[in-house]
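One structure is given below, encoded as structure tokens.
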Amino acid sequence: MKSQIATLVSTALEQLAQEGLLAADDIKTPVVERTRDSAHGDFATNAALVNTKAARMKPRGLAEKIVAALPESPQIAKVEIAGPGFINFHLTADAYHTVVPQIIEQAHDYGRSALGKGRKVQVEFVSANPTGPLHVGHGRGAAYGAVVADLLQAVGFEVHREYYVNDAGRQMNILAASVWLRYLELAGEELAFPVNGYKGDYVWDIAATLHREHADDYRFDAETVFRGIPADKPAGGDKEIHIDALIERCKHLLGDNRYRYVFELALNTILDDIRDDLEKFGVVYEEWFSERSLMESGAVNKAIERLRKAGYLYEDKGALWFRSTDFGDEKDRVVVRDNGQMTYFASDIAYHMDKLERGFDRVIDVWGADHHGYVPRVKAALTALGDDASKLDVLLVQFAILYRGGEKLAMSTRSGEFVTLRQLRKEVGRDAARFFYVMRKCEQHLDFDLDLAKSQTSDNPVYYVQYAHARICAVLRQASEKNMAIEPSQGTRNLEHLTEPHELALLNNLSRYPEIVEAAALNEEPHQLTHYLRDLANDFHTYYNAHQFLVDDDALRDARIKLVLATREVLRNGLNLIGVSAPETM
RNA sequence: GCCCUCGUAGCUCAGCAGGAUAGAGCAGCCGCCUCCUAAGCGGCAGGUCGGACGUUCGAAUCGUCUCGAGGGCGCCA
């Protein structure tokens, strides 16, 4: 409807240009938008305001000319000029009604479109290090990324969801060493666990598995393990040096095969846990992409070679640097450390190069906001490689702060005292968690009120929207109990009976849905959808309270049932897009 | 110090490719169940859109400055 009106307006402008009233090359594209106030009709355009200069006329005068030049349309009942020169369009009742059969016919496809023309988009999100369970911060990235991906898919992009598994870095070695040390403790050794080691309970669990399956096969006495190792922080040493030495000792004592085994056991256990966690959260991926595979395939070396050939690498203090300042970064960055190890950044360059080589038209990374300083260097690397960095879009997600009883929940990753995503799901449920996580735009800090998320009242937006859906289902059940036909008539038949203001408001809102999905997808803003759903649910609840649906008048009842069926469809589609269930009873 | 994000009603937030009297939900006050789920609905009250200057027919929206909150500035990931 919106685009139809836009076409009418631009036709009128073109005609005025032909008549010489407007300077053709000066015409500005007007905005056609929904009016905020129904007194202003259904749609409005600022065509006259925007083109006063091109016409050298006052806005209202130009508006009159535009209105006179508008082609006829059966959908439009009235056109008015208002305010400083807005042109307001009032739709016919019939134009309102057509949305109902459209929704019923398109069913779960209503709101979907082919806007993306099948272009390939990759969405990479969560990608948390597999060194422990996901916490509530990851949860927001998971919910947000999943909805953005689903939205893009809904508007016709071919979406590839991907989790980048950091299975190659130093952190993984620290994890493996941590598991082994816990194993030694389980086997009866007494030792001082390193400050920098992973201390969560899950480390004990993995160690227990190792101990159960291999008894003392991996055991060495504590003295052998710690002999000659530089002191840890509590003993006045450096915790980094201490843990690195322990890793080397661990590799040395266990040998390649056994070390590899511990490493893999830890990695796989945690990865399985993460995968299971996300799946239960309704988040699934097309691909889990291994960082190690980039190392093993030589992709990282290839990327470094390309940068070297392009002349953007230099050596300094024994390390290899990338001259990212050539591309606007604040300082140059190390890609190979003086100890010969690749930095995380090196594999990230290779990874992003690989993404573009795979032929995605667009690549979206969802990162925690604390990584924002990282964006310029990755873009710099892509530009240096001769790739189009504008294909990469990094969406930064702020932290979620949990509140319980009005109090902020203290969380520190250091001590291992963080609320996991699993705990959150268990406490508030998947639906509430998914909804709350995407209620705010991503760059906004999120205050997550656990009590509200659990409350079964209208204060809770999740229940509010779901309840609207359940209520409709209840109405339909009532209808069949009363032996009323819930198989509605075809097309727009009987819909002329929908004349109440509440009905028109609901119809109008239903017709907005495709525009909302489109805007939410293109702007990567799921919150637009949650706001819309709340609004739609409100229209429905208001209507429900004001009018009886299952009336004796057959034609009116038929019309209302159709309207309510259409509403249910849109509620269901919208909830589905944000990964929230649409219950039939509550 | 430099960079990024955010300052809108008591609280949590929409609105921001400039547009018609700034919106919602909580919380507060007042009403509504002989009627399809009151997990609901209606009404009232509540704002110098952090501040200043500028751009223009018009600024919460754009620009500069300023104040305040958070985050980032490793041969960590």
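Sequence lines set the chain letters: A, B, ... in the order given, protein chains first and strands last, and positions in each chain run from 1.
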With sequence neighbours left out, what residues match A:His40 under ring-ring contact (aromatic ring centres under 6.0 Å, His included)?
-> none

A:Tyr544 near the nucleic acid: base, sugar-phosphate alone, or nothing, with a heavy-atom cut-off under 4.0 Å?
-> base

Across the strands shown, which category fits A:Ala470 at heavy-atom distances under 4.0 angstrom: base, sugar-phosphate, nothing?
-> base

Side-chain N or O of A:Tyr464 closer than 4.0 Å to phosphate OP1/OP2 of B:C41 | yes

In whole Å, what separates the C1' atom of B:U8 from that of B:A60?
-> 7 Å

Has A:Thr542 got a side-chain N or O lying under 4.0 Å from the OP1 or OP2 atom of B:G42?
-> yes

Atom-to-atom span, CZ of A:Arg440 to P of B:C16 - whole angstrom | 16 Å

Between A:Glu427 and A:Arg404, does at least one N-O distance fall below 4.0 Å, as a salt bridge requires?
-> yes

Tell me which nucleotide among B:A20, B:C13, B:C35 gets nearest to the side chain of A:Gln548.
-> B:C35

Pull out every protein N or O sitting under 3.5 Å from an N or O of nucleotides 1-5 of chain B, one pair per line with the distance.
residue : atom : partner  : partner atom : Å
B:U5    : O2'  : A:Glu443 : O            : 3.3

How is A:Asn88 classified with respect to the nucleic acid when contacts are heavy atoms under 4.0 Å: base, sugar-phosphate, or nothing?
-> base

Heavy-atom contacts under 4.0 Å between residues 549-566 of chain A and RNA chain B, which residues?
-> A:Phe549, A:Leu550

Could you list the residues that satisfy side chain to side chain contact (heavy atoms under 4.5 Å, CB included) with A:Thr420, not counting sequence neighbours?
-> A:Pro133, A:Phe418, A:Arg422, A:Gln423

Mapping A:Ala82 and A:Phe399 onto RNA chain B by nearest heavy atom, which one lands closer to the 5' end?
-> A:Ala82

B:A39 C1' sits how many Å from A:Lys454 NZ, rounded?
-> 17 Å

C1' spacing across the pair B:C49 / B:C6, given as an integer number of angstrom = 14 Å

With sequence neighbours excluded, tell me which residues meet ring-ring contact (aromatic ring centres under 6.0 Å, His included) with A:His547.
-> A:His502, A:Tyr543

B:C3 versus B:C11 - spacing of their P atoms, nearest Å = 31 Å

When rounded to the nearest Å, what value does the distance between C1' atoms of B:C4 and B:C44 take?
-> 43 Å

Euclidean distance for P, B:A52 against B:G71 (whole angstrom) | 28 Å

Nucleotide B:A14, atom P - distance to CG of A:Asn523 in whole Å = 14 Å

For RNA chain B, whose closest nucleotide is more 5', that of A:Tyr543 or that of A:Asp338?
-> A:Tyr543

Residue list, ring-ring contact (aromatic ring centres under 6.0 Å, His included) with A:Phe327, at least two apart or on another chain = A:Tyr312

Answer yes when A:Glu33 and A:Lys2 have at least one side-chain N-carboxylate O distance shorter than 4.0 Å, and no when they do not.
-> no

Atom-to-atom span, NE2 of A:His527 to P of B:G25 - whole angstrom | 17 Å

Is A:Asp365 salt-bridged to A:Lys355, cutoff N-O under 4.0 Å?
-> yes

Residues that A:Asn339 engages under side chain to side chain contact (heavy atoms under 4.5 Å, CB included), provided they are two or more places apart | A:Arg337, A:Gln341

Measure from the side chain of A:Asp459, starting at C-beta and using heavy atoms only, and say which of B:A27, B:U37, B:C75 lies closest.
-> B:A27

Side chain to side chain contact (heavy atoms under 4.5 Å, CB included) between A:Met342 and A:Val335: does it pass, once the steps are laid out?
-> CA-CA 6 Å; A:Met342 304 274 186; A:Val335 286; over 6 Å; no

If you measure from the P atom in B:A69 to the same atom in B:G74, how many Å do you get, rounded?
-> 23 Å

Give the rounded distance in Å between these two atoms: CD of A:Glu407 and C1' of B:U12.
-> 17 Å

Return the set of residues passing ring-ring contact (aromatic ring centres under 6.0 Å, His included) with A:Phe448 (not counting sequence neighbours), or none when no residue passes.
-> A:Phe436, A:Tyr437

Which part of the nucleic acid, if any, lies within contact of A:Lys482, taking any heavy atom under 4.0 Å across all strands shown: a base, the sugar-phosphate backbone alone, or nothing?
-> nothing

How is A:Thr585 classified with respect to the nucleic acid when contacts are heavy atoms under 4.0 Å: base, sugar-phosphate, or nothing?
-> base

Listed nucleotide nearest any side-chain atom of A:Lys317, set B:A20, B:C75, B:C13 = B:C75

Quote, to the nearest angstrom, the C1' distance that separates B:C30 from B:A45.
-> 11 Å

Is A:Ala44 touching bases, backbone alone, or none of the nucleic acid, heavy atoms closer than 4.0 Å?
-> base

Do A:Leu565 and A:Leu476 come within less than 4.5 Å of each other through their side chains, counting heavy atoms only?
-> yes

Rounded distance in Å between the C1' positions of B:G51 and B:G68 = 11 Å

For A:His469, which contact category applies under a 4.0 Å heavy-atom criterion: base, sugar-phosphate, or nothing?
-> nothing

Taking N or O atoms only and anything under 3.5 Å, show me the protein contacts with nucleotides 21-24 of chain B, one pair per line.
residue : atom : partner : partner atom : Å
B:U21   : O4   : A:Asp37 : OD2          : 2.6

By side-chain hydrogen bond (donor to acceptor under 3.5 Å, both in side chains) - contacts of A:Arg323 (at least two apart) | none

Are any of the side-chain nitrogens in A:Arg170 or A:Glu240 under 4.0 Å away from the carboxylate oxygens of its partner?
-> yes

Could you work out which one of B:A38, B:C36, B:A39 sits closest to the side chain of A:Arg471?
-> B:A38

Results of side chain to side chain contact (heavy atoms under 4.5 Å, CB included) for A:Asp329 - residues two or more places apart only = A:Ser324, A:Arg333, A:Pro376, A:Arg377

Distance in angstrom units between A:Asn46 CG and B:A17 C1', rounded = 12 Å

Please assess A:Phe289 against A:Tyr351 for the test ring pair (Phe, Tyr, Trp, His ring centres under 6.0 Å), listing each intermediate value before the final yes or no.
-> CA-CA 9 Å; A:Phe289 193 98; A:Tyr351 181 40; 4.9 Å; yes

Rounded to the nearest Å, what distance is computed from the CZ atom of residue A:Arg34 to the C1' atom of nucleotide B:A14?
-> 18 Å

Side-chain contact check for A:Arg333: nearest option of B:C36, B:C75, B:G74 is B:G74

Pairing pattern in dot-bracket form [Watson-Crick, G-U; both distances under 3.5 Å; | = partner strand] for RNA chain B | (((((((..((((.....[...)))).(((((.......))))).....(((((..]....))))))))))))....

Compare all side-chain heavy atoms of A:Arg568 with those of A:Cys473 and state whether any distance is below 4.5 angstrom.
-> yes

From B:A20, B:A39, B:C41, nucleotide with atom closest to A:Phe86 side chain = B:A20

Using distance alone, with no hydrogens and no angle criterion, decide if A:Arg557 and A:Asn494 have a side-chain donor and acceptor under 3.5 Å apart.
-> no

Grab the NE2-C1' distance between A:His547 and B:G42 for me, whole Å please.
-> 13 Å

